[in-house]
Amino acid sequence: MRTGLCGEVGIGDVGSRVRLCGWVARRREHGEHLAFVDLRDRSGIVQCVVDGTVDLRSEYVVAVAGVVRRRPEGMENPSLPTGEVEIGDCTVEVLSAAEPPPFLVEDRAEVDEVVRLRHRYVDLRRPRMQANLRLRAAAVSAIRRAMDRQGFCEIETPLLWSPTPEGAREFAVPSRLHTGDFYVLPQSPQIAKQLLMVGGFDRYYQIARCLRDEDLRADRQFEFTQLDMEASFVTQDDVLGFVSEAVLDAAEAATGARPQEIERMSWSAAIDRYGTDKPDLRIDTELVDLGDVFASSEVRAFAAPSVKALRVPGGSQKSRSALDGLVERAKALGAKGLAWFRVAEDEGATTLDSPLARVLSDAERDGLVRTTGAVPGDLVLVVADEHRVACTVLGQLRVELAGKPVGEGPYRYVWVVEFPLFEALGADGHPVPAHHPFTMPHPDDIDRMETDPLSVRSQAYDLVLNGWELGSGSIRIHRADIQARVFHALGISDEDAESRFGFLTSAFRYGAPPHGGFAFGIDRLAAVLAGEESIREVIAFPKTQSGADPLTGAPKALPAAALADLGIRIAAK
RNA sequence: GGACCUGUGGUGCAGCUCGGAGUGCACGCCGGCCUGUCAAGCCGGAGGUCGCGGGUUCAAAUCCCGUCAGGUCCGCCA
């Protein structure tokens with residue numbers, strides 16, 4: 001039907017006869033003797049010249065036959081990749097007429113997202129969406145090649161799975177044959193892939209759709225796609241190596257540039273230096289510890305287990321009301337207060353402008369400036385509080401004051417390793433797992449599990465890109481005795497463990513290899529690499545924040561007969 | 001569950017503080033003119049439940065209350 005693609009016609013094709021198919025992007029008519037038609041397909045746009053009039057409208061689907069020719073001298077269009085040539089002596093065949101589109105099929109048209117989604121089939125024609133979905137496909141393809149090359153076997157796991165009362169809320173699927181019973185859609189293939197390890201598939205992966213019935217965000221949809229992988233007889237270093245290979249290959253395929261080796265950082269260093277477990281390393285300021293400076297301070301505001309500071313380069317020009325706003329923000333984030341110091345210069349001496357400036361000793365003033373590295377023009381923010389609070393509050397302010405859109409380069413990947421095994425003590429006095437209860441404790445710390453559980457590190461790790469968590473994984477527990485100790489620490493009784501995870505623990509009784517794995521979000525990776533701030537821009541048919549689909553109208557009520565078939569009655573609201 | 005922002009011809013906005021006739025801008029659309037344009041140009045035209053409901057008022061796009069939809073964030077996402 002066609003001889004090539006619109007965007008690929010070039011100077012080398014001059015003289016050849018072509019037939020191109022696509023959509024009418026624009027037409028420019030010059031009376032009854034001459035008309036230009038810009039023809040668009042997925043590859044781009046080429047100008048077609050018609051000697052006469054044409055009865056075409058925007059977005060008509062047409063086939064244009066003609067001869068490629070060099071444009072007349074001075075008529076080239078340097079802003080168009082095909083701008084040196086045009087299709088001449090055209091005959092146009094209308095394959096399909098079209099109503100005027102609801103919005104311009106061009107990138108520069110900014111359109112309300114719900115309008116775009118309602119007419120997604122039109123939106124998808126725009127170069128942005130074409131590029132984004134193709135970038136995503138290139139990334140996925142590279143991931144598959146990387147995993148295959150490393151000896152991994154792609155295996156599908158069920159979409160209809162068993163309810164597990166743990167973690168994210170699950171989508172329920174009623175069973176027709178077992179009226180009153182339900183499957184759930186998997187929030188991740190976690191347990192299935194561990195069963196595959198017991199089954200002897202020592203290197204498994206899957207481009208897996210995962211579903212979680214939790215509230216949506218710019219970086220979260222009900223359904224999302226992960227590279228899910230698991231391997232047996234491996235160390236944490238092995239897993240990080242496998243995943244790094246896939247991620248770096250994907251990034252190279254998507255952007256053309258291969259990132260450098262991904263650096264590693266311990267969880268405690270991430271908290272200490274950036275106040276978060278997903279640090280954005282594009283921002284070059286770090287939190288600074290002022291504990292030594294104020295160790296014996298008379299200043300009551302700084303009498304706290306931890307005194308942390310954040311230097312804000314050039315921040316001294318902030319107005320008093322802007323600073324008041326920062327103080328309020330810090331309080332909203334959980335700090336008791338926020339001290340600020342505007343750094344200035346007076347006759348060669350560095351001065352501090354702050355309500356607290358006068359109560360600081362000379363040594364404290366010097367220490368604050370020296371330790372933070374502040375120079376005139378900077379602003380220094382100080383939070384004194386419990387260590388975790390001081391770090392996270394300043395870490396959040398760091399991002400809010402200096403952050404950039406996630407998709408804006410450069411791309412800074414980092415492995416955050418040695419997550420704590422437990423997050424905190426729950427209301428029942430038992431620690432709460434930071435990852436999932438099958439995470440292997442760090443071998444150096446395992447003896448403290450009963451005596452000092454919150455100090456126990458785990459062999460769990462996250463991959464972070466520009467402040468977004470791409471994914472997480474861990475070495476899993478494969479030994480019944482260690483699993484029993486973790487369950488015990490968590491306050492999960494033997495009976496409880498049996499009823500909730502029985503089919504996994506019993507599988508482990510039949511010969512479980514040491515294993516570990518990882519899963520990272522392909523939507524998120526693709527979005528960042530595409531320069532987008534929302535994963536909706538790399539998903540063909542996403543949902544809105546309320547979980548609706550403006551195109552199909554989903555979700556909808558089911559006909560009464562369908563409900564009756566499933567044995568379901570809708571409760572009155 | 002909560003906070004904040006947004007809603008005005010097909011699209012994007014202005015108008016809203018300080019109430020006075022659906023007023024304006026750009027794009028698109030329709031018609032006419034036009035033989036080298038390329039976001040073509042020129043002339044003319046059509047197109048509106050100011051998200052919806054209620055209240056205040058002589059009078060509401062504008063003020064108040066409620067509600068719906070969309071977005072960002074918190075909670076949530078082991």
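The sequence lines fix the lettering, A, B, ..., with proteins before strands; numbering per chain opens at 1. The analysis underlying the following values was restricted to heavy atoms, covering all of them including side chains, and did not include hydrogens, waters or symmetry mates.
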(message) My understanding is that only residues two or more places apart in sequence, or in another chain, count here; which of them pass salt bridge (Lys or Arg N to Asp or Glu O under 4.0 Å) with A:Glu170?
(response) none
(message) With a 4.0 Å cut-off on N to O distance, would you call A:Arg329 and A:Glu400 a salt bridge?
(response) yes
Shorter than 3.5 Å, N or O on both sides, protein versus nucleotides 1-9 of chain B: list them out with atom names.
from: B:G1; atom 1: O6; to: A:Asp215; atom 2: OD2; distance (Å): 3.4

(request) Flag the pair A:Arg57 and A:Glu99 as a salt bridge only when some basic side-chain nitrogen lies within less than 4.0 angstrom of an acidic carboxylate oxygen. (result) no
(request) Pick base, sugar-phosphate or nothing for A:Ala109, based on heavy-atom distances below 4.0 Å to the nucleic acid. (result) nothing
(request) For residues 209-221 of chain A, pull every pair meeting side-chain hydrogen bond (donor to acceptor under 3.5 Å, both in side chains), keeping only residues two or more places apart or in separate chains. (result) A:Arg209-A:Glu223
(message) Treating primed atoms plus P, OP1 and OP2 as sugar-phosphate and everything else as base, which nucleotides of nucleotides 34-48 of chain B get B, S or - for protein heavy atoms under 4.0 Å?
(response) BBBBBBB--------
(message) Both A:Asp219 and A:Pro433 contact RNA chain B. Taking the nearest nucleotide for each, which residue is further toward the 5' end?
(response) A:Asp219
(message) For B:G47, give the paired nucleotide (Watson-Crick: N1-N3 plus N6-O4 or O6-N4; G-U: N1-O2 and O6-N3; both under 3.5 Å), or none.
(response) none
(message) In this structure, how many angstroms lie between the P atom of B:G71 and the CD atom of A:Glu533, rounded?
(response) 15 Å
(message) Any N or O donor-acceptor pair under 3.5 Å from the base of B:C77 to the side chain of A:Arg212?
(response) no
(request) Pick the P atom in B:C13 and in B:G7, then give their distance to the nearest Å. (result) 9 Å
(request) Could you work out the separation of B:A60 and B:U17 based on their C1' atoms and round it to a whole Å? (result) 15 Å
(message) Pairing check on B:G10: which nucleotide meets the Watson-Crick or G-U wobble criteria with it, both distances under 3.5 Å?
(response) B:C27
(message) Applying ring pair (Phe, Tyr, Trp, His ring centres under 6.0 Å) as the test, list every pair that has at least one member in residues 13-46 of chain A; sequence neighbours left out.
(response) A:His30-A:Phe36
(request) Go ahead and name the base partner of B:C16; Watson-Crick or wobble counts if both distances stay under 3.5 Å, otherwise write none. (result) none
Expected rows: protein N/O vs nucleotides 12-16 of chain B N/O, under 3.5 Å:
from: B:G12; atom 1: OP1; to: A:Asp112; atom 2: N; distance (Å): 2.7

(message) Using a strict threshold of under 4.0 Å (side-chain N to carboxylate O), is an ion pair present between A:Arg128 and A:Asp107?
(response) no
(request) With sequence neighbours left out, write down each residue that passes ring-ring contact (aromatic ring centres under 6.0 Å, His included) with A:Tyr183, or none if nothing qualifies. (result) none
(request) Check side-chain contact (heavy atoms from CB on, under 4.5 Å) between A:Ser474 and all other residues, then give those that pass, not counting sequence neighbours. (result) A:His435, A:His436, A:Thr439, A:Ala460, A:Arg476
(request) Could you work out the separation of B:G66 and B:C25 based on their P atoms and round it to a whole Å? (result) 37 Å
(request) State, to 0.1 Å, how close A:Leu397 and A:Leu310 come at their nearest heavy-atom pair, and which atoms those are. (result) C-CD2, 4.3 Å
(request) Using the test ring-ring contact (aromatic ring centres under 6.0 Å, His included), find all partners of A:Phe222 that sit at least two apart in sequence or belong to another chain. (result) A:Phe171
(request) Quote, to the nearest angstrom, the C1' distance that separates B:G28 from B:U11. (result) 7 Å
(request) Return no unless some side-chain N or O of A:Arg329 is found under 4.0 Å from OP1 or OP2 of B:C74. (result) no
(request) Would you mind reading off the distance between A:Arg116 atom CZ and B:G70 atom C1', rounded to a whole angstrom? (result) 13 Å
(message) For B:U62, give the paired nucleotide (Watson-Crick: N1-N3 plus N6-O4 or O6-N4; G-U: N1-O2 and O6-N3; both under 3.5 Å), or none.
(response) none
(message) The criterion is side-chain hydrogen bond (donor to acceptor under 3.5 Å, both in side chains); which residues satisfy it with A:Trp415, sequence neighbours excluded?
(response) A:Ser244
(message) Please give the distance between the C1' atoms of B:C42 and B:C34 as a whole number of Å.
(response) 8 Å
(request) Under a 3.5 Å limit for both distances, which nucleotide forms a Watson-Crick or G-U wobble pair with B:G41, could you say? (result) B:C33
(message) Rounding to an integer number of Å, can you tell me how far A:Lys543 NZ sits from B:G71 P?
(response) 13 Å
(message) With side-chain hydrogen bond (donor to acceptor under 3.5 Å, both in side chains) as the rule and sequence neighbours excluded, what pairs involving residues 486-498 of chain A come up?
(response) A:Asp496-A:Arg500
(request) Using the P atom as the reference point in each nucleotide, state the distance between B:G75 and B:U67 in Å, no decimals. (result) 25 Å
(message) What's the gap between B:G24 and B:A46 when it is taken at their P atoms, as a whole Å value?
(response) 12 Å
(message) Do the side chains of A:Lys278 and A:Glu469 get close enough for a salt bridge, i.e. N-O under 4.0 angstrom?
(response) no
(request) Take the protein atom CZ of A:Arg118 and the nucleotide atom C1' of B:A69, then report the distance between them rounded to whole Å. (result) 9 Å
(message) Salt bridge check, A:Arg27 against A:Asp38: does any charged N sit closer than 4.0 Å to a carboxylate O?
(response) no
(message) Taking 4.0 Å as the cut-off, does a side-chain nitrogen or oxygen of A:Ser58 come that near to OP1 or OP2 on B:C29?
(response) yes
(message) Between B:A3 and B:A39, how many Å separate the two P atoms, rounded to a whole number?
(response) 47 Å
(message) Once you apply a heavy-atom cut-off of 4.0 Å, does A:Arg536 come out as touching a base, just sugar-phosphate, or nothing?
(response) sugar-phosphate
(message) Using whole Å, what does the distance between atom P of nucleotide B:C77 and atom CD of A:Gln545 come to?
(response) 17 Å
(message) Here's a test of your reading of the structure: between A:Thr544 and A:Ile191, which maps to the more 5' nucleotide of RNA chain B?
(response) A:Thr544
(message) Distance check needed: B:U72 C1' versus A:Ile535 CD1, whole Å only.
(response) 15 Å
(message) Output the rounded distance in Å from CD (A:Glu400) to C1' (B:U72).
(response) 12 Å
(message) I'd like to check A:Leu39 versus A:Ile45 (side-chain heavy atoms, cut-off strictly below 4.5 Å). Are they in contact?
(response) no
(message) What contact category does A:Ala218 fall into here, base, sugar-phosphate, or nothing, at under 4.0 angstrom with non-hydrogen atoms?
(response) sugar-phosphate
(request) Could you tell me whether A:Glu113 and A:Arg536 have a side-chain N and a carboxylate O separated by less than 4.0 Å? (result) yes
(message) Quick test of your reading of the model: are A:Arg26 and A:Glu59 salt-bridged, counting only N-O distances below 4.0 Å?
(response) no
(request) Within residues 460-485 of chain A, find the residues that approach RNA chain B with a heavy atom at under 4.0 Å, and present them sorted by residue number. (result) none
(request) Find the distance A:Leu117:CG to B:A69:C1' and express it as a whole number of Å. (result) 13 Å
